[in-house]
Each structure stands twice: as structure tokens, then as C-alpha cells.
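Nothing here was measured: the structure is a model prediction, and the numbers come from that model.
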Amino acid sequence: MGFAAPLALLGLLALAGPILAHLLRRQRLRRSTLPTVALLERARAESDARLRVADPLLLALRLLALAMLALGLAQPYLSTAEAFADGRRASLALVL
């Protein structure tokens, strides 16, 4: 198996875009001085919640779409010597 345009696989780097968009789209927390440990723990919990992905299914679909686009642009092919029973060459095309 190979790729007619292997440099198109660099398009897989675009998968970082939706991940960053999901992580950065949340509002930034305000900086404030917290006087007690309880408030510090609450702030840490809010910060941890900010790093969680809000819509994991949407993110997965976006990543899948970008991966399929990059693989399609790379023009994958498979070289094989398939033949019918009588020795004639066979051709096979897979369309996604």
C-alpha cells in the first residue's frame, strides 16, 4: 500500500485545530486572590472543568472529517497482482 501524494498526509496536522478550538472557546477565568483553602479548591475545580472537552461527539466528528480529507488528498493505492481463475488480470476500485 502506498500514497500517490504522501505530503498530503501533513493535512493530519490540521486535526489539532478542532481540539484547540474546543479548549479555547470557553471563557477565561478571572484572576482573583482567594483568602481560604476552600476557595482555592473551588477555583482549581473550575479550572479543571475548563480543560474538559465540552462536546466530545462533535469534536470526534470534526477530527474524523479532517482525517478523511487528508487521507483522500493523499490518494492511497494498493498494488497487488490479483487475477481471475483463468489468469486474466482483475481490477478493483474502492470508493468511499
Spell out, yes or no, whether L73 and L15 are grouped together once hydrophobic residues are joined by side-chain heavy atoms under 4.5 Å, including indirect joins.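 No; L15 is not reachable from L73 via cluster members.
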Quick check: is L13 connected to L7 through a chain of hydrophobic side chains (ILVMFWY, heavy atoms under 4.5 Å apart)?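 Yes: a chain of side-chain contacts under 4.5 Å links L7 to L13.
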Spacing of L12 atom CG and L71 atom CG [to the nearest 0.5 Å]: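 With rounding to 0.5 Å, CG (L12) is 5.5 Å from CG (L71).
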Heavy atoms only: give me the nearest L9-A70 pair and the separation to one decimal.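 Closest approach of L9 to A70: CD2-O, 4.5 Å.
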Partner set under side chain to side chain contact (heavy atoms under 4.5 Å, CB included) for L58, not counting sequence neighbours: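 With neighbours one apart ignored, the set is H22, D55, R62.
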